[in-house]
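The sequence lines fix the lettering, A, B, ..., with proteins before strands; numbering per chain opens at 1.
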Amino acid sequence: MEVAHARGGERVSAVLRGFHGGVRVPRSKEALQGAGSRSAALPPLLIYPLQAHVGTPARPVVDVGRKVCRGELLAVPSSYVSQAIHAGTSGIIVEIAERAVIHPGGITDTCIVLQADGEDRRLEPAPPLDLGRATPEALLARIAEAGIVGMGGAGFPSHVKLCEGLSNAVRLLIINAVECEPYIACDDCMIRERAADVVLGARILMQALAASQCVIALEDDMQLAWDALSSCDLAGAQIVRVPAIYPAGGEKQLIRMITGAEVPAHGLPIDAGVVMHNAATAAAVADAVVRGLPMTERLLTVAGAVRTPANLRVRIGTPIAHLLDGCGRSAADARVIAGGPMMGTRLIDESVPVVKTTNCVLRLPAGSEQPAVPCIRCGDCVEVCPAQLQPQALYEVARAGDWDGVRELHLFDCIECGACAYVCPSRLPLVHYYRHAKSEIEALELEQRRAAELRSRYDARLRRLAQAGGAAAGLEGQVEPDAGEGPAPAPAPDRATMQAEIAAAIARAKARRAAYTPPAAGGDGDGTR
Amino acid sequence: MQRDAETVISSPHIHSGASVGGVMRRVLMALLPGVIVSVWFLGPGVLLQIAIATLAALAAEAAMLSVRGLAMRPFLFDGTAAVAGVLLGLAMPPLAPWWLGTLAAVFAMVVVKHAYGGVGHNLFNPAMAGYALLLVCFPFAMKAWPVPGAAVWTADVLGAVFPVDGSRVDAVSGATALSFVRDGLQGMKMLSELRPAEAAGLAAGGAAWVNAAFLGGGLVLLAAGVIRWQIPAGFLAGLIAVSLLLHLGDAQRHASPLFHLMNGATMLGAFFIATDPVSSPVTPRGRLVFGLLAGAVVVLIRRFGQYPDGVAFAVLLMNAAAPLIDRYTRPRVYGERDGR
Amino acid sequence: MSVVIAMAVLAVGALGAARILIATASPLRGSHDVALRIDRLLPQTQCGRCLYAGCRPYAEAIARGEARINQCPPGGAATIRRLARLLGVEPLALNPRHGTEVPASVVVIDEETCIGCTKCIQACPVDAILGAARQMHTVIAADCTGCELCIPPCPVDCIAVVPAPAATHAWRWPTPAEASG
Ligand code: SF4
Ligand code: SF4
Ligand code: SF4
Ligand code: SF4
Ligand code: SF4
């Protein structure tokens with residue numbers, strides 16, 4: 001599939017390549033592609049889960065009872081891959097407790113709960129950075145402080161992606177506005193209303209990355225958004241329009257279409273010299289850097305079986321039930337989904353809050369579900385798989401619980417896009433099987449790592465006992481549990497106490513190293529695989 | 001966990017609407033032109049055979065479903081049994097007695113399909129396996145094709161298909177052009193001696209027209225996206241390549257590619273039989289290989305084998321190789337360099 | 001001539017098949033190697049419920065053919081299944097004589113009551129207890145296997161079993177509920 005879409009420039013090759021597979025899905029968003037956005041009503045309670053989709057949970061810096069203003073810091077990152085959280089309105093912290101969060105299994109997690117006081121007072125914004133003089137480090141710090149995460153995909157903290165850029169040469173920054181999922185039109189709307197901010201954000205990101213080129217990618221049916229962008233001063237960025245084939249907006253697929261290169265398996269886009277940010281993220285970056293505003297709001301699409309589908313400006317933390325109340329539910333029996341219909345999460349509980357990555361709230365009317373029948377090996381799934389996997393073979397081995405087999409078939413290259421299950425005439429829940437297999441394998445690996453660690457501790461103890469001569473008296477002076485001995489000649493047992501501290505420190509280091517290669521395993525060591 | 005199994009639903013939450021039944025219905029529709037043309041040239045016996053085989057296949061399917069305690073609803077009318085029945089009926093000589101088609105259909109459903117685990121699990125194409133059984137067990141009855149022309153309409157078709165106390169209808173049956181030419185060539189005759197018969201076969205038996213009709217239906221199937229191009233293209237390419245090679249080697253002893261294309265079950269095989277998804281490879285490259293080899297084997301069996309046509313055995317042979325082909329034609333995964 | 005060729009082909013084929021059979025039938029060379037592989041499948045709780053002094057001794061006993069594969073309650077059915085696959089035998093049900101499969105647990109020491117006698121430290125197979133003579137002792141929850149070996153020796157009964165802290169986001173995708181056929 002060679003698609004010629006030479007628009008907006010000539011530096012990136014004029015011909016877009018295709019990516020393998022993909023499927024045309026109904027767009028279901030035509031009405032929203034011309035409509036403007038409106039603000040959702042402020043809910044009485046805003047809820048902030050500390051754990052984001054990736055990374056470690058944020059650490060709260062407010063206590064229950066504390067009064068806060070909009071924009072005030074509620075939680076700080078607990079590690080490099082973690083995010084800051086800011087209050088979305090003025091009010092009082094009423095609880096830090098377990099609340100239901102967006103999750104396929106409907107689990108709860110620790111959340112900060114903010115009760116709005118209705119005044120919506122704002123904290124004084126941080127002083128704008130002077131773009132002419134700001135160093136990449138300063139930009140990065142500001143972006144991290146503003147709590148910006150990728151607003152399209154997995155919600156990776158943006159400063160992490162930018163840091164990767166500091167240590168690697170970035171050829172190309174791609175601003176991704178390709179909303180390939182049906183129904184979702186919030187990025188489209190955001191670009192139509194805030195094209196200048198998207199371009200500004202792209203420029204800031206380029207500066208932070210020292211990227212030499214920038215491409216803003218749209219889908220070919222986003223005419224109004226394209227008009228809006230081209231009327232801005234693009235300052236070197238160029239606009240590329242890609243065909244509306246699902247999943248053209250997938251990171252790896254878009255990179256392949258624009259650059260012709262592939263992200264290496266188990267690698268990152270940066271390995272192909274590319275950094276990709278979502279268009280909404282770019283606008284949020286502009287807000288943070290030149291207006292000093294942290295991320296407390298986002299645009300999202302409410303669609304499906306609702307009376308008034310809309311692109312809404314929503315405070316992050318707003319319960320999804322509140323949005324649906326506002327838009328009006330139009331069918332009694334519907335599946336509520338956070339995200340799009342192809343990759344979104346079915347909600348068991350509607351009270352869960354919108355998070356920074358929530359780009360859509362969808363009510364899908366319950367259809368007539370057809371039962372799954374055995375695979376007829378039609379190969380449609382193979383044709384559409386953008387990762388070029390063999391979904392039907394993966395399904396067979398995943399169903400059989402053959403975890404070695406699924407790894408051999410590259411299960412972990414599956415991007416869970418759902419194209420295979422979408423076309424499968426046998427209606428097999430293919431992606432469900434892949435997710436099941438992935439989580440089982442991850443759990444198993446965790447278990448094995450722990451077992452290896454315990455084994456080495458056990459071995460260390462046995463060796464220690466052996467060296468202590470096995471005499472009961474030898475244990476009397478034993479004070480440091482970690483004091484396993486290495487292969488080196490050990491000091492006499494009675495001197496162990498004196499040297500306890502030094503020996504313990506050495507032994508701990510050894511034990512840590514030994515955790516991954518069980519001792520006494522001989523030459524054949526870890527050779528199961 | 002029990003609760004989870006019912007309430008946890010994975011994306012995607014929408015579906016293209018494709019179903020096994022839908023696929024099979026479109027296959028049946030695409031078979032129509034070929035069926036009509038076959039009836040035109042070979043008489044109402046064709047319809048009778050299709051009806052017998054289809055009914056027997058559906059009955060056997062229903063019986064097996066109830067024996068195995070499976071639900072009728074998603075399976076009986078998913079069209080897989082009907083397609084197998086119709087393909088089998090098309091493969092049968094129009095004047096074969098009713099119990100032949102019934103036997104083959106029951107064998108196809110019970111042994112070839114359900115003994116292997118039902119829809120999606122059969123290693124072999126059920127229709128072709130049933131047909132092959134008849135070829136092996138009743139070779140003479142299976143060679144009894146009607147003499148081309150008006151005979152089929154005047155003869156007592158019902159009498160032939162439902163014979164009473166051993167009545168025989170030898171008068172109307174004879175060899176097909178394919179068998180005639182092959183038997184002749186194996187009998188060390190020269191093709192030029194056989195050419196008039198070959199030409200007659202082409203014109204009167206209507207084999208060319210029948211093949212053209214199946215080709216048309218197959219192209220529709222292709223355009224509708226029900227089948228992919230790899231198997232039919234490979235099949236025809238393989239058939240043409242081998243027959244051309246032989247023909248160029250010794251035009252007197254080997255029929256031309258055109259003869260092979262326009263005779264027997266070539267188009268039916270290329271577009272409807274070899275493309276049976278369950279028993280063919282899944283990867284695009286694997287399908288190409290599968291088609292190429294099947295097409296090549298068809299010519300070899302036609303020329304050197306003992307049976308009236310080679311499509312059934314070629315397809316069955318390749319069915320057995322399909323898992324192997326799949327294994328060696330895995331697509332290269334995105335981002336992997338070696339394409340393992 | 002053709003008979004000779006046929007026999008040669010058969011002989012080569014048979015040799016090849018034999019090689020494959022040998023290679024697949026005895027992946028386990030020597031009982032030491034077997035014991036290591038078995039040990040890798042055991043949970044390393046080191047609780048002794050299998051009636052051996054720990055996972056490694058139990059693994060060695062299985063390798064020698066003295067113990068059966070269904071004696072490890074902490075590993076439960078999953079471990080039995082993996083052992084069965086490794087050894088090429090049929091899985092067995094867990095032998096109830098050794099205990100039943102229960103959710104993971106850890107122990108905590110009531111630090112108020114502890115007299116610092118160090119008896120628990122001597123009992124712990126994985127060095128999960130910290131403390132010195134006549135000082136308060138404490139359990140490192142991350143290292144404790146819940147084997148409960150430290151409980152009987154404690155003279156003041158200050159060690160209690162609690163459920164293991166659930167690893168955050170230990171949620172797993174269940175198997176799809178699917179109409180099968
Ligand atoms: S699309 Fe479904 S039925 Fe077809 S091969 Fe893939 S899994 Fe099997
Ligand atoms: S969900 Fe995975 S296997 Fe299915 S099409 Fe997408 S990448 Fe391929
Ligand atoms: S019962 Fe299991 S966990 Fe406990 S020591 Fe024996 S093998 Fe190890
Ligand atoms: S602390 Fe007690 S229960 Fe935990 S591992 Fe040590 S002996 Fe076993
Ligand atoms: S055995 Fe009991 S009293 Fe003694 S040190 Fe351990 S916990 Fe404390």
Task: Exceeds 12 heavy-atom contacts within 6.0 angstrom, atom OH of B:Tyr116 - done: no
Task: Pairs flagged by salt bridge (charged side-chain N to carboxylate O under 4.0 Å, His left out) wherever residues 9-33 of chain B is involved - sequence neighbours left out - done: none
Task: chain B contact via A:Ile376 - side chain, backbone, both or neither, heavy atoms under 4.5 Å - done: both
Open item on the list: Quick check: under 4.5 Å, non-hydrogen atoms only, which of residues 271-284 of chain B neighbour chain A?
Closed with: B:Pro277, B:Val278, B:Ser280, B:Pro281, B:Val282, B:Thr283, B:Pro284
Open item on the list: Using a 4.5 angstrom heavy-atom cutoff, name the option from A:Gln253, A:Arg24, A:Arg435, A:Glu383 with the most pairs to chain B.
Closed with: A:Glu383
Open item on the list: Using 0.5 Å steps for rounding, measure from the CG atom of B:Asp326 to the CD atom of A:Gln390.
Closed with: 6.0 Å
TODO: Check salt bridge (Lys or Arg N to Asp or Glu O under 4.0 Å) between A:Glu179 and all other residues, then give those that pass, not counting sequence neighbours.
DONE: none
- [ ] Heavy atoms only, distances under 4.5 angstrom: which of A:Val25, A:Leu430, A:Asp413 has the most pairs with chain B? Name it, please.
- [x] A:Asp413
Task: Contact origin within A:His266 toward chain B - heavy atom pairs under 4.5 Å - done: side chain
TODO: Would you mind reporting whether B:Pro12 and A:Val431 have side-chain heavy atoms less than 4.5 Å apart?
DONE: yes
Open item on the list: Is A:Ile337 in contact with chain B via its backbone, its side chain, both, or neither, using a 4.5 Å heavy-atom distance?
Closed with: side chain
TODO: Starting at CZ of B:Arg332, measure out to NE2 of A:His410 and round the result to the nearest 0.5 Å.
DONE: 10.5 Å
TODO: Please tell me if the side chains of B:Ile9 and A:Pro104 come closer than 4.5 Å, counting only heavy atoms from C-beta onward.
DONE: no
TODO: Look up atom OH in A:Tyr434 and atom OG in B:Ser10, then write down how far apart they are to the nearest 0.5 Å.
DONE: 10.5 Å
Task: Gap between atom CD1 of B:Ile14 and atom OG of A:Ser28 - 0.5 Å precision - done: 6.5 Å
Task: Contact class of B:Val20 relative to chain A, heavy atoms under 4.5 angstrom - done: both
Open item on the list: Can you tell me how far apart OH (B:Tyr334) and CZ (A:Arg256) are? Round to the nearest 0.5 Å.
Closed with: 7.5 Å
Open item on the list: Using side-chain heavy atoms (C-beta onward) and a distance below 4.5 Å, is B:Phe75 in contact with A:Pro374?
Closed with: yes
TODO: Heavy-atom distances under 4.5 Å only: say whether A:Asp380 touches chain B with side chain, backbone, both or neither.
DONE: both
Task: Sequence-distant partners of B:Phe107, ring pair (Phe, Tyr, Trp, His ring centres under 6.0 Å), two or more places apart - done: none
- [ ] Return the minimal non-hydrogen interatomic distance between B:Pro331 and A:Leu389, and the atom names on each side.
- [x] CG-O, 4.3 Å
- [ ] Quick one: which of A:Met343, A:Lys252, A:Gln392 has the most heavy-atom pairs under 4.5 Å with chain B, could you say?
- [x] A:Lys252
TODO: Classify the side-chain pair A:Arg335/B:His13 by whether it contains a donor and acceptor separated by less than 3.5 Å.
DONE: yes
Open item on the list: For A:Cys375, which atoms come within 4.5 Å of any heavy atom of chain B: side chain, backbone, both, or neither?
Closed with: backbone
Open item on the list: Please classify the contact of A:Val263 with chain B as side chain, backbone, both or neither, using a heavy-atom distance under 4.5 Å.
Closed with: both
Task: A:Pro386 portion near chain B, given a 4.5 angstrom heavy-atom threshold - done: backbone
Open item on the list: Under a 3.5 Å distance rule, please check whether B:His15 uses its side chain to pair with a backbone N or O of A:Cys424 as donor and acceptor.
Closed with: yes
Task: Spatial distance of atom CD (A:Glu181) from atom OG (B:Ser11) [nearest 0.5 Å] - done: 8.0 Å
Open item on the list: Show the nearest heavy-atom pair for residues B:Gly17 and A:Arg427, with the distance to one decimal.
Closed with: O-NH2, 3.3 Å
